[in-house]
Amino acid sequence: MIDTESLLYLCPLINPSLLAADFANLGRDIRRLEDAGAKILHLDVMDGHFVPNLSFGIPVVEAVRRSTELPLDVHLMIREPEKYLAPFRKAGADFLSVHIEVAPDPRALFDQIRKLGAIPGIVSNPPTPVEAVLPYINDCDLILTMSVMPGFGGQSFDLRVLEKLRQIRRAANEKMLISVDGGVGESTITETAVAGANVFVAGTALFGKPNINSQFQRLHHLAETTVVW
Ligand code: DX5
Ligand code: ZN
């Protein structure tokens with residue numbers, strides 16, 4: 001199992017969101033991402049309540065786990081996440097991130113996640129003030145800031161994320177994975193890196209292109225030449 005320290009050493013990380021993959025050829029797409037140099041995979045779990053969409057759940061995480069050894073960053077866009085932490089961990093999740101909007105004080109969830117042997121993360125939506133997450137950022141290892149309203153891939157990047165990233169970067173210790181999710185691509189990745197991100201979730205920007213490998217390299221190069229964290 002991967003630890004945060006080793007991942008920090010590999011930053012900047014392009015974190016491919018499998019939501020945009022071809023689900024009929026998930027194994028093939030994961031292989032392509034590994035060949036491109038991916039060091040982590042992002043899995044978007046949606047419940048149709050917290051977000052107005054459904055994606056996939058425990059059996060798909062388990063199937064992905066069987067097809068790769070890469071760390072799995074499971075983004076839970078669900079209500080009552082406490083009920084599902086153990087099953088997702090059992091299915092193979094390495095990171096389990098919960099939304100501050102459903103867990104205003106997430107510390108008990110972080111403890112539960114660590115006891116399960118996984119790494120906790122906190123996520124906030126674009127309209128949620130950064131002050132809601134700041135008290136907890138040093139209690140978890142991954143701070144994920146949404147740059148779209150969660151629920152769908154392929155939306156446009158919300159510029160409000162940049163100020164949030166700057167404030168999180170200022171308040172966080174240096175051993176923090178600071179991630180941005182939604183609308184991240186060639187035209188937006190550089191500013192998120194300058195603002196403080198070191199982990200870049202990308203769905204459409206990778207899978208929407210004919211050659212995942214060269215697009216991965218392009219995004220990685222943009223992040224690498226900018227990121228100072
Ligand atoms: C949105 C998800 C994202 C999404 C990103 O609810 O959390 O991870 O897959 O997709 P793109 O990169 O297409 O905006
Ligand atoms: Zn996500």
Side-chain angles (χ1 to χ4, degrees), residues 12-23 26 29-30 32-33 36 38 40-57 60-61 64 70-79 81 84 88 93-103 118-128 133 140-162 164-165 177-193 197-210 212 215-216 218-220 222-223:
L13 294 169
I14 303 299
N15 189 358
S17 167
L18 294 186
L19 191 62
D22 176 355
F23 281 19
L26 206 43
D29 280 1
I30 290 169
R32 287 182 179 166
L33 294 166
I40 187 167
L41 298 175
H42 184 84
L43 285 83
D44 288 303
V45 175
M46 304 179 188
D47 68 352
H49 294 282
F50 176 62
V51 288
N53 196 11
L54 292 161
S55 57
F56 52 77
V60 172
V61 174
V64 171
L70 289 177
L72 303 183
D73 165 31
V74 175
H75 174 191
L76 295 175
M77 284 163 273
I78 64 175
R79 287 188 193 158
Y84 302 98
F88 276 110
D94 296 293
F95 284 84
L96 283 163
S97 296
V98 295
H99 270 263
I100 192 79
E101 294 83 7
V102 296
I119 304 170
I122 189 74
V123 197
S124 68
N125 286 341
T128 300
V133 292
C140 59
D141 292 23
L142 173 70
I143 320 295
L144 176 56
T145 307
M146 296 305 300
S147 33
V148 298
M149 277 307 280
F152 300 91
Q155 304 181 72
S156 4
F157 183 82
D158 186 331
L159 288 163
R160 279 180 294 183
V161 76
L162 297 174
K164 285 176 84 174
L165 285 172
L177 295 164
I178 297 185
S179 185
V180 58
D181 182 4
V184 175
E186 279 161 281
S187 56
T188 51
I189 194 166
T190 301
E191 30 187 356
T192 64
N198 53 7
V199 181
F200 308 87
V201 177
T204 312
L206 278 177
F207 292 98
K209 301 284 166 158
I212 294 179
Q215 185 62 4
F216 186 97
R218 196 167 297 136
L219 293 178
H220 189 262
L222 285 169

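Order of listing sets the numbers, starting from 1, for every ligand and every atom in it.
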Touching ligand 1 at all, Gly151? Heavy atoms, strictly under 4.0 Å?
yes

Distance in Å, Leu144 CG paired with Phe95 CZ, rounded so as to fall on 0.5 Å steps:
11.5 Å

Distance to 0.1 Å, residue and atom name: give those for the protein heavy atom nearest to atom 10 (O) of ligand 1.
Gly153 CA, 3.6 Å

Compute the shortest N/O to N/O distance between Leu19 and ligand 1 and return yes if it is under 3.5 Å, no if not.
no

State whether the shortest distance between N or O atoms of Thr204 and N or O atoms of ligand 1 falls below 3.5 angstrom.
yes

Is Gly203 in polar range of ligand 1, meaning some N or O pair under 3.5 Å apart?
yes

Polar contacts were defined as any N/O atom of the residue lying under 3.5 Å from an N/O atom of the ligand; does this apply to Gly183 and ligand 1?
yes

Please tell me whether Asp44 and Ser17 have a donor and an acceptor in their side chains that are separated by less than 3.5 angstrom.
yes

Rounded to the nearest 0.5 Å, what's the gap from CG on Leu41 to CG on Asn15? Could you check?
7.0 Å

For ligand 1, is there an N or O atom under 3.5 Å from any N or O atom of Val184?
no

Among protein heavy atoms, which sits nearest to atom 5 (C) of ligand 1, and what does the distance come to when rounded to 0.1 Å?
Asp181 OD1, 3.5 Å

Angle between ring planes, His75 versus His99, binned at 30° and 60°: parallel, tilted or perpendicular?
parallel

Between Asp44, Leu206, Leu43, Asn15, which one has a non-hydrogen atom sitting closest to atom 4 (C) of ligand 1?
Asp44

Provide, to 0.1 Å, the distance between atom 1 (C) of ligand 1 and the closest protein heavy atom, together with that atom's residue and name.
Phe152 O, 3.6 Å

Determine whether Asn125 and Phe50 make a side-chain contact, defined as any pair of heavy atoms from C-beta on separated by less than 4.5 Å.
yes

Within a strict 4.5 Å, meaning less than it, do heavy atoms of the Leu96 and Val74 side chains meet?
yes

So the angle subtended at the Zn ion (ligand 2) by Asp44 atom OD1 and His75 atom ND1, rounded to 10 degrees, is 90°

Students should be able to answer this: which protein heavy-atom is nearest to atom 9 (O) of ligand 1, and at what distance?
Ser17 OG, 2.8 Å

Ala20 to Thr204 - nearest heavy-atom pair and separation
CB-N, 3.9 Å

Leu219 to Gly185 - nearest heavy-atom pair and separation
CD2-C, 3.7 Å

